[in-house]
There are 2 protein chains.
Amino acid sequence: MKLSQRGEYALRALLVLGMNHGPGVVRIRDIAQQQNIPRRFLEQILNDLKSAGFVVSKRGVAGGYRLQRGPEEISLADIIRHLEGPLAPVGCVSVNYYQRCSCPDEGKCAIRSVMQEVRDAIVGVLEGVSVAHLCDRVRDLQGPLENPLDYVI
Amino acid sequence: MKLSQRGEYALRALLVLGMNHGPGVVRIRDIAQQQNIPRRFLEQILNDLKSAGFVVSKRGVAGGYRLQRGPEEISLADIIRHLEGPLAPVGCVSVNYYQRCSCPDEGKCAIRSVMQEVRDAIVGVLEGVSVAHLCDRVRDLQGPLENPLDYVI
DNA sequence: AGTATACTTGACTAAATTAGTCGGGATTAT
DNA sequence: ATAATCCCGACTAATTTAGTCAAGTATACT
């Protein structure tokens with residue numbers, strides 16, 4: 001698993017939305033400014049996250065985005081799987097994006113058995129962390145702030 | 001970390017060399033045939049593994065390749081690092097290929113702290129497996145064979 | 001009703017990476 | 001000598017990545 005720029009931007013955007021989760025929406029422009037993401041590119045990314053069902057949008061003057069489900073219900077594994085494809089280092093050990101490889105017998109492939117362990121290790125971490133957990137980490141890492149709006153991601 | 005075709009070929013080639021480790025050398029052509037790797041491409045790969053010090057070559061008629069160090073001394077982490085670059089999913093948590101990212105304070109970046117865990121999980125597996133371990137796995141997975149030359153990787 | 005603000009859609013581009021191929025040169029056992 | 005084998009650098013086609021851009025649609029506000 002390797003996180004592309006696009007993937008990192010997506011995570012950051014979702015984290016902003018997680019931190020501001022509520023009835024209201026957040027504008028693309030604000031996310032882009034706060035996180036230093038090219039606005040046009042972020043539009044594209046959020047659109048993608050929308051068709052994948054992670055966020056919903058509101059159009060027009062007071063428009064913007066918010067999370068579709070609660071932040072506890074969105075795991076990083078889900079997000080990254082959607083953005084980058086398989087979490088596994090090779091297709092033949094991927095559960096969600098399995099692809100047969102060229103070796104004659106997968107059950108007897110030593111390399112595959114190691115990659116299986118790598119996959120499990122990666123998935124183990126990423127399934128266990130939700131957007132809500134990320135938000136908790138932000139708060140823990142920042143420590144107590146005077147102004148609660150004055151955080152950084 | 002994602003394993004490219006090239007990376008997978010390299011691992012397979014090193015595993016063949018591990019299984020045949022000894023004073024003699026193995027020809028490119030034999031590795032290519034046994035593992036179904038395009039010969040010219042494998043030449044390129046082995047050349048790279050040679051300049052990286054994983055293997056040594058012997059030229060001329062009875063030429064070929066063998067591992068430079070013993071198979072116990074070569075970890076998959078080393079090999080993959082050389083072939084694919086960072087094991088970490090993002091540069092800012094990579095130890096060997098560190099690259100600063102754009103976030104204002106790495107120490108307070110929640111995404112980074114998760115990626116750190118992912119990196120550690122990946123490295124944990126890959127540092128622990130050497131080419132010799134891989135060879136053991138091949139033998140374990142194949143079970144007892146009548147003809148000891150009749151194995152598959 | 002009109003207008004400014006925001007999201008929407010789809011096409012477009014430049015640069016980097018990936019998976020090879022190819023020709024010809026250098027070495028060495030026989 | 002010569003045939004087998006590694007060595008080296010250049011070349012290519014397809015894919016992915018990181019964006020940009022223009023024009024369209026919905027909505028709040030006056």
Side-chain angles (χ1 to χ4, degrees), chain A residues 1-13 17 24-33 35-52 54-68 80 82-86 89-91 97 99 101-102, chain B residues 1-13 17 23-33 35-66 68 80 83-86 89-91 97 99 101-102:
Chain A
M1 196 269 295
K2 199 201 137 203
L3 201 61
S4 64
Q5 199 61 253
R6 181 189 170 87
E8 190 184 320
Y9 289 160
L11 286 187
R12 296 234 279 249
L17 295 181
V25 297
V26 184
R27 287 187 302 177
I28 286 185
R29 185 195 304 179
D30 293 335
I31 303 176
Q33 257 166 32
Q35 297 297 315
N36 228 68
I37 301 172
R39 206 187 86 241
R40 299 297 210 140
F41 195 22
L42 184 57
E43 280 183 15
Q44 199 185 89
I45 294 168
L46 281 170
N47 223 292
D48 179 21
L49 290 175
K50 184 188 147 189
S51 41
F54 291 110
V55 301
V56 291
S57 65
K58 195 183 158 208
R59 297 169 77 150
V61 166
Y65 285 89
R66 65 176 173 78
L67 298 180
Q68 175 157 60
I80 295 177
H82 175 72
L83 295 161
E84 313 273 359
V90 289
Y97 297 83
Q99 263 202 319
C101 83
S102 63
Chain B
M1 195 269 296
K2 199 200 136 203
L3 201 61
S4 64
Q5 200 61 253
R6 179 190 171 87
E8 191 185 320
Y9 290 160
L11 287 187
R12 296 232 279 248
L17 295 181
V25 296
V26 184
R27 288 187 300 178
I28 286 185
R29 184 195 305 180
D30 292 336
I31 302 176
Q33 258 166 29
Q35 296 296 315
N36 227 69
I37 301 172
R39 205 187 88 242
R40 297 295 213 149
F41 196 23
L42 184 57
E43 279 184 18
Q44 199 185 88
I45 294 168
L46 282 170
N47 223 294
D48 179 22
L49 291 175
K50 185 187 146 190
S51 40
F54 291 109
V55 300
V56 292
S57 64
K58 196 185 159 206
R59 296 170 78 153
V61 166
Y65 284 91
R66 64 177 174 76
Q68 174 157 60
I80 295 179
L83 294 161
E84 313 274 357
V90 290
Y97 298 83
Q99 263 204 320
C101 84
S102 63

| field | Phosphate contact (C:dT18 OP1 or OP2) by B:Y9 side-chain N/O below 4.0 Å | value | no
| Closest approach of B:N47 and B:Y65, non-hydrogen atoms and distance? | N-OH, 4.1 Å
| task | Could you state the atom-to-atom distance from CG of B:D30 to P of D:dA4 in whole Å? | result | 14 Å
| task | Would you mind reading off the distance between A:K2 atom NZ and C:dA16 atom C1', rounded to a whole angstrom? | result | 10 Å
| note | Heavy-atom nearest nucleotide on DNA chain D taken for B:L46 and for A:G7; more 5' hit belongs to B:L46
| What pairs meet the salt bridge (Lys or Arg N to Asp or Glu O under 4.0 Å) rule with one or both residues in residues 53-66 of chain B, with sequence neighbours excluded? | none
| A:L42 and A:A13: which non-hydrogen atoms are nearest, and at how many Å? | CD1-CB, 4.0 Å
| note | Output for pair (B:M1 CE, A:M1 CE), nearest 0.5 Å, gives 10.0 Å
| said: Tell me the interatomic distance from B:L42, atom CG, to D:dC7, atom P, rounded to whole angstroms. | reply: 12 Å
| query | What is the minimum heavy-atom distance between B:S102 and A:R12, and which atoms define it? | reply | OG-NH2, 3.0 Å
| remark: One should read off an interatomic distance between A:R40 CZ and A:I28 CD1, to the nearest 0.5 angstrom, of 10.0 Å
| task | Can you sort out the partners of B:E84 under salt bridge (Lys or Arg N to Asp or Glu O under 4.0 Å), two or more places apart, ordered by chain and number? | result | none
| query | Within a strict 4.5 Å, meaning less than it, do heavy atoms of the B:L49 and B:L83 side chains meet? | reply | yes
| Within the pair B:S4 and C:dA19, is there a side-chain N or O less than 4.0 Å away from OP1 or OP2? | yes
Give me, pair by pair, the N or O atoms of the protein and of nucleotides 27-30 of chain D that are less than 3.5 Å apart, along with how far apart they are.
residue, atom, partner, partner atom, Å
D:dT27, O2, A:V61, N, 3.4

| Given D:dA18, is OP1 or OP2 found less than 4.0 Å from the side-chain N or O atoms of A:R6? | no
| Integer-rounded Å distance: C:dA19 P and B:E84 CD | 8 Å
| Presence of A:N47 side-chain N/O under 4.0 Å of C:dT9 phosphate oxygens OP1/OP2 | yes
| message | Measure CD/A:Q5 against P/C:dT17 and give the value in whole Å, please. | response | 13 Å
| Are A:R27 and C:dC7 close enough that a side-chain N or O sits under 4.0 Å from OP1 or OP2? | no
| message | Restricting to side-chain hydrogen bond (donor to acceptor under 3.5 Å, both in side chains), what partner residues turn up for A:R27, sequence neighbours left out? | response | A:D30
Find every protein N or O atom lying less than 3.5 Å from an N or O atom of nucleotides 20-23 of chain D, and list the pairs.
residue, atom, partner, partner atom, Å
D:dT20, O4, A:Q44, NE2, 2.9
D:dA22, N6, A:R40, NH1, 3.3

| task | Just compare C:dG20, D:dA18, D:dC6 and give me whichever is closest to any side-chain atom of B:S57. | result | D:dC6
| message | Tell me the interatomic distance from A:E8, atom CD, to D:dA18, atom P, rounded to whole angstroms. | response | 10 Å
| request: Could you check how far CD1 of A:I45 sits from P of D:dT17, rounded to whole Å? | output: 12 Å
| request: Can you sort out the partners of A:Q44 under side-chain hydrogen bond (donor to acceptor under 3.5 Å, both in side chains), two or more places apart, ordered by chain and number? | output: A:R6
| Between C:dA19 (P) and B:L83 (CG): distance, integer Å | 12 Å
| query | Contact class for A:I28 vs. all strands (heavy atom < 4.0 Å): base, sugar-phosphate, or nothing? | reply | sugar-phosphate
